Q: 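Can you read through this structure? Questions will come right after.
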Number of protein chains: 2
Amino acid sequence: MREKLEKYFSFVFEKELLDEIVQVGVYKKLRENEVLVDLGDKMKGIPLLLEGAIKIVREDKNGDEMLLYFLERGDTCASSFASALTNGKCGIRAMAEKESEIIFLPKEKLDEWMVKYKSWRSFVIDSYNIRLNEMMETIDSLAFMNMSERLYKYLTDKAQIMRETSLNTTHQDIAYDMHTSRVVISRLLKQLENEGKIKLHRNKIEILEF
Amino acid sequence: MREKLEKYFSFVFEKELLDEIVQVGVYKKLRENEVLVDLGDKMKGIPLLLEGAIKIVREDKNGDEMLLYFLERGDTCASSFASALTNGKCGIRAMAEKESEIIFLPKEKLDEWMVKYKSWRSFVIDSYNIRLNEMMETIDSLAFMNMSERLYKYLTDKAQIMRETSLNTTHQDIAYDMHTSRVVISRLLKQLENEGKIKLHRNKIEILEF
DNA sequence: TAAGTTGCGTGATGACAATCACAAAACAAT
DNA sequence: ATTGTTTTGTGATTGTCATCACGCAACTTA
């Protein structure tokens, strides 16, 4: 754990803070598709993502889903902050897109570290800002782009987060993330294939053009 | 300024912090429709909203707009934090919906106060969380609601922010905020009127049912 | 290898929203 | 009062996406 922590966070956190994190942090490994945070959950800590990829989705009362954004290593879940500090409920679901490793930080430390470590303050503020920007991008997609553009952005974004040029996924899964139907996704994917941007296989989409 | 500050922030900030704010804050009055922050702006401070209402809008390269959310008294602009602390550019436009009063806080103080005042830390974190939640609501609207529902939500939300039961606005202005056309808004408004939820006048919409 | 399951392809149809076109009403200016 | 401008109302048409219906291909299991 120390090793991975150093790898991605030694340029972010002071040495003393890294020491504290190792002391109080709880290491956890997530299997693919394991749910880290669910809708009404109250957080008892916040997660630092050491390795892997996590998707954050919003769900409405009908059970319809909408992908908000992905987290990658070095990220934290800003929504958890809310919930952790105010003891409120979390309005999102967080789910591992692939095997991931995280460190849970107890919520008692969050405020304490704000006073002690400048690097922690910067990290918290930066995390919020990155998340706000991701949300704005999501709103941009929904407001200004058509399905085909949104789909292509989804594919390239996800490929980047997963650090792969091929995605192992089904049309139906994409449809859930984008809150549309499988039929629509299949048609648009076929169209993107004809344009030479991707290549389709069963359970797999190869991205040819970024 | 001290008076208004006390009125809305005395339960939020410690006395010492209020004193500091009065010392270093710059009071400013905004006329209706005055632009507070524009797209590429770099912020030299962050605004505390004492009175009035401000709308935060996203704009894409084609100049198309999309309302993100409204700020009311007691709020601050979370996006400014980003821009202020990192010297980066702001991806939004902030515009007074009616005459408003704000206090500009110099960015140098932001981090300093994080260390000194617990109330400031809470305020910053709370502001971010409220903003994240607003963004999620906006995403919910776009992803899960049809135009008619979005429109009705827009009207009631705006009425609440403006503290009026009637809105002085044109169909065209609403269309800009919701990124659709005037024709669509006019038709849906007429429909809402037929349902008895609103009453239409020239340049004015009365909301009968909340 | 036969049967069952899951994933994908595609035509047909409908609903909602975008866009075009134009007229009437409300108001402002001369 | 006349003219011009802004705001609103409404029919007609088009485009995008949602939904239904169904067949086929790929993989799994017995």
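Throughout, protein chains are lettered first and strands after them, A, B, ... in sequence-line order, and every chain is numbered starting at 1. Keep in mind the model is a prediction, meaning the values are calculated, not measured.
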Q: Any ion pair linking B:D75 and B:R131 (charged N to carboxylate O, less than 4.0 Å)?
A: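 Here B:R131 pairs with B:D75 in a salt bridge, since their nearest N and O are under 4.0 Å apart.
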Q: Base, sugar-phosphate, or nothing: which does A:T170 touch, judged by heavy atoms less than 4.0 Å apart?
A: sugar-phosphate
Q: Considering the terminal five base pairs at each end of the helix from C:dT1-D:dA30 to C:dT30-D:dA1, what angle separates the two local helix axes, rounded to 10°?
A: 30°
Q: Would you mind reporting whether B:E97 and B:E32 have side-chain heavy atoms less than 4.5 Å apart?
A: no
Q: Just wondering, are more than 12 heavy atoms of other shown residues or ligands nearer than 6.0 Å to CD in B:E209?
A: yes
Q: Nearest whole angstrom, please: distance from the P of D:dT19 to the NE2 of A:H171.
A: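 To the nearest whole Å, that distance equals 19 Å.
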Q: Would you mind reading off the distance between A:R150 atom CZ and D:dT16 atom C1', rounded to a whole angstrom?
A: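 After rounding, the reported distance stands at 13 Å.
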Q: DNA chain D: A:R182 or A:S148, which has the more 5' nearest nucleotide?
A: A:S148
Q: Rounded to whole Å, please give me the gap between CG in A:N62 and C1' in D:dA18.
A: 15 Å
Q: Tell me: CG of A:L200 to P of D:dA25, nearest whole Å?
A: 17 Å
Q: What I want to find out is whether B:K7 reaches B:E3 closely enough, with some N-O distance under 4.0 Å, to be called a salt bridge.
A: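 A salt bridge is absent here (no side-chain N lies under 4.0 Å from a carboxylate O).
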Q: Rounded to the Å, how far apart are B:L189 CG and D:dT8 C1'?
A: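 One finds 10 Å between C1' of D:dT8 and CG of B:L189, rounded.
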Q: What integer distance in Å separates B:E193:CD from D:dT10:P?
A: 10 Å
Q: Could you walk me through whether A:K98 and A:E164 pass the salt bridge (charged side-chain N to carboxylate O under 4.0 Å, His left out) check?
A: CA-CA 12 Å; A:K98 62 177 175 186; A:E164 311 252 6; 5.2 Å; no
Q: Look at the side chain of A:R202 against the base of D:dT28 and say whether a donor-acceptor pair falls under 3.5 Å; ignore hydrogens and angles.
A: no
Q: What do the steps show when you test B:N129 against A:Y128 for side chain to side chain donor-acceptor pair (under 3.5 Å), and what is the final call?
A: CA-CA 9 Å; B:N129 288 333; A:Y128 271 116; 2.8 Å; yes
Q: Let me confirm one number: the CE-CD1 distance from B:M114 to B:I125, rounded to the nearest 0.5 Å.
A: 6.0 Å
Q: Using a 6.0 Å distance limit plus a 45 degree cone around the ring axis, check whether B:K44 lies over the aromatic ring of B:F104.
A: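 Yes, a cation-pi geometry holds between B:K44 and B:F104.
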Q: Show your reasoning for whether side chain to side chain donor-acceptor pair (under 3.5 Å) applies to B:Y8 and B:E51.
A: CA-CA 9 Å; B:Y8 301 118; B:E51 199 71 66; 3.3 Å; yes
Q: How long is the line joining CD of B:Q191 and C1' of D:dG11, in whole Å?
A: 16 Å
Q: Nearest heavy atom decides the nucleotide; on that basis, is A:R187 or A:K204 closer to the 5' end of DNA chain C?
A: A:K204
Q: Provide the start and end nucleotides, 5' to 3', of the part of DNA chain C that has atoms under 4.0 Å from heavy atoms of chain B.
A: C:dA17 to C:dC27
